[in-house]
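One structure below.
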Amino acid sequence: MTTLRNTLLWSASTALLAVPVASQAMAEPKINMMHQWAQGSEAAAIATLGEMYEAAGGTWAQTAISGHTSNTLAKLRSDVVAGTAPSAVQLKGPEIAEWNAAGATSSVDDVAGAEGWDSVVAPDLIAVMKPTGNWVAVPMNIHRVNWLYSSPKILNELGLEVPKTWAEFNDACDKIVAAGHTCIAHGAADWSDTTTFDSVVYGMDANLYRKAFQEADLDALRSQGMIDAFAQLRKMVGYMDDGINGRSWEQSMTMVMSGEAAFFLMGDWTVASANMAGFKEGVDYLCDQTPVDWGGAGYILNADSVVFFKQSDPDYVEGQKLLAKTIMSPEFQVTFNVAKGSIPARTDVDLSVGGFTGCQQKSLTDLKASIAEGTLVRSMAHNMTVLQRYRGAMMEVITEFVADPSVTPEEAANRLADAVENQM
Ligand code: BGC
């Protein structure tokens with residue numbers, strides 16, 4: 001009797017133990033990643049993740065949402081409300097903290113611990129990925145926003161240097177326009193207008209940038225410095241051609257790289273698109289930081305990352321761990337970033353091998369210099385600072401200013417502050 005009871009107890013406890021082990025063993029890692037990279041070099045870059053994920057034994061699916069970040073954010077919100085949160089989403093800075101605070105994210109701490117991420121991820125990104133101490137997201141890259149691409153053809157023709165300050169920039173544009181060229185290639189959209197304005201405000205006054213765009217400080221948004229920045233933006237709109245509406249950023253890039261326009265202000269996803277189109281750095285384009293009036297190295301940082309949302313299906317839970325591990329692998333950080341124009345989020349990757357371009361190497365050098373000089377900021381235009389509702393309000397005012405020449409810089413600064421205040 002005793003023996004039988006012991007055997008039964010033993011079998012029961014073994015069976016209980018065996019359940020999770022068996023279901024874990026049976027879990028087949030899969031993922032459906034939501035992101036904004038629907039076409040061109042961006043789609044090609046994310047395809048490398050799918051390939052690596054499948055090679056590592058996972059089943060890859062993706063939901064690509066075209067348009068810029070706002071569309072992805074809106075889709076994410078509606079999916080979460082509908083109870084069908086995606087297993088992985090490309091998501092930025094403050095939104096990660098917000099979803100984490102809402103209890104929607106899941107942690108990949110066990111993978112992080114085993115792989116030692118705390119000592120290899122760029123320190124500026126760690127706090128973003130761990131809003132309350134747990135790894136709920138993983139960084140894919142570091143993008144630099146404040147790039148000025150120039151046409152060597154036009155600069156050489158007119159004997160001009162790449163401008164280093166906004167006064168030099170305006171001076172060069174006056175000469176370029178007088179010679180019959182378009183000075184600034186631009187495609188109007190809320191985020192691209194705001195990308196340009198990111199560089200203007202930062203380059204004129206980095207402290208104003210911090211207060212206004214990182215802290216959403218209403219006095220800074222309404223300040224004389226902001227009025228001056230809008231006045232510079234107004235001047236720059238005058239240096240653009242009439243075709244900015246409906247033009248994509250890739251088309252604007254091509255204008256500079258084929259020698260039709262002198263300058264293009266845009267983040268380094270441009271480098272990926274230029275490579276794909278066969279344009280050569282040093283021949284078809286130069287890359288330098290956008291002007292700064294305060295000397296030294298400047299860096300406006302943007303980072304793409306993937307956030308994990310709570311799942312009940314063990315396949316997705318396993319799939320999240322595999323995705324996190326794949327994204328953080330040095331191999332992925334090289335392959336993806338070479339294809340994306342950005343630089344790795346890991347600090348232990350050697351950029352002199354693997355096919356990184358000169359612009360990408362310069363990005364790393366300037367990042368280090370900017371950190372050393374205390375000038376590094378995160379990008380408002382690219383969702384790295386304030387919550388989307390503040391960013392959205394700011395973008396609306398900035399894009400309206402670009403579209404409507406009757407709005408004065410004073411009115412724009414006031415509207416910027418009012419729009420943000422209305423969201424508080
Ligand atoms: C994203 C990049 C993307 C770029 C242009 C940025 O906000 O971080 O990954 O390439 O927008 O679409």
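Atoms within each ligand, like the ligands themselves, are counted from 1 in listed order.
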*Set of residues satisfying side chain to side chain contact (heavy atoms under 4.5 Å, CB included) with respect to S150, sequence neighbours excluded*: L148, L155, V162, F263, L286
*Applying the side chain to side chain contact (heavy atoms under 4.5 Å, CB included) test to Q333, which of N141, I343, V120, I327 qualifies?*
I327
*Over-ring placement of K30 relative to Y316, 6.0 Å and 45° cut-offs*: yes
_Set of residues satisfying salt bridge (Lys or Arg N to Asp or Glu O under 4.0 Å) with respect to D205, sequence neighbours excluded_ = none
Give every pair made of an N or O atom of ligand 1 and a protein N or O atom lying under 3.5 Å apart, one pair per line with both atom names and the distance to 0.1 Å, or write 'none'.
| from | atom 1 | to | atom 2 | distance (Å) |
| --- | --- | --- | --- | --- |
| ligand 1 | 7 (O) | H68 | NE2 | 3.1 |
| ligand 1 | 7 (O) | K92 | NZ | 3.3 |
| ligand 1 | 7 (O) | H382 | ND1 | 2.6 |
| ligand 1 | 8 (O) | K92 | NZ | 3.1 |
| ligand 1 | 8 (O) | N302 | ND2 | 2.9 |
| ligand 1 | 8 (O) | D304 | OD1 | 2.7 |
| ligand 1 | 9 (O) | W37 | NE1 | 2.9 |
| ligand 1 | 9 (O) | D304 | OD1 | 3.3 |
| ligand 1 | 9 (O) | D304 | OD2 | 2.8 |
| ligand 1 | 9 (O) | K340 | NZ | 2.8 |
| ligand 1 | 10 (O) | E42 | OE2 | 2.5 |
| ligand 1 | 10 (O) | K340 | NZ | 2.7 |
| ligand 1 | 11 (O) | H68 | NE2 | 2.7 |
| ligand 1 | 12 (O) | E42 | OE2 | 2.8 |

*Taking only residues two or more places apart in sequence or in another chain, which ones pass side chain to side chain contact (heavy atoms under 4.5 Å, CB included) with A45?*
F336, A339, K340
*Donor-acceptor pair between N100 and T132 side chains, under 3.5 angstrom*: yes
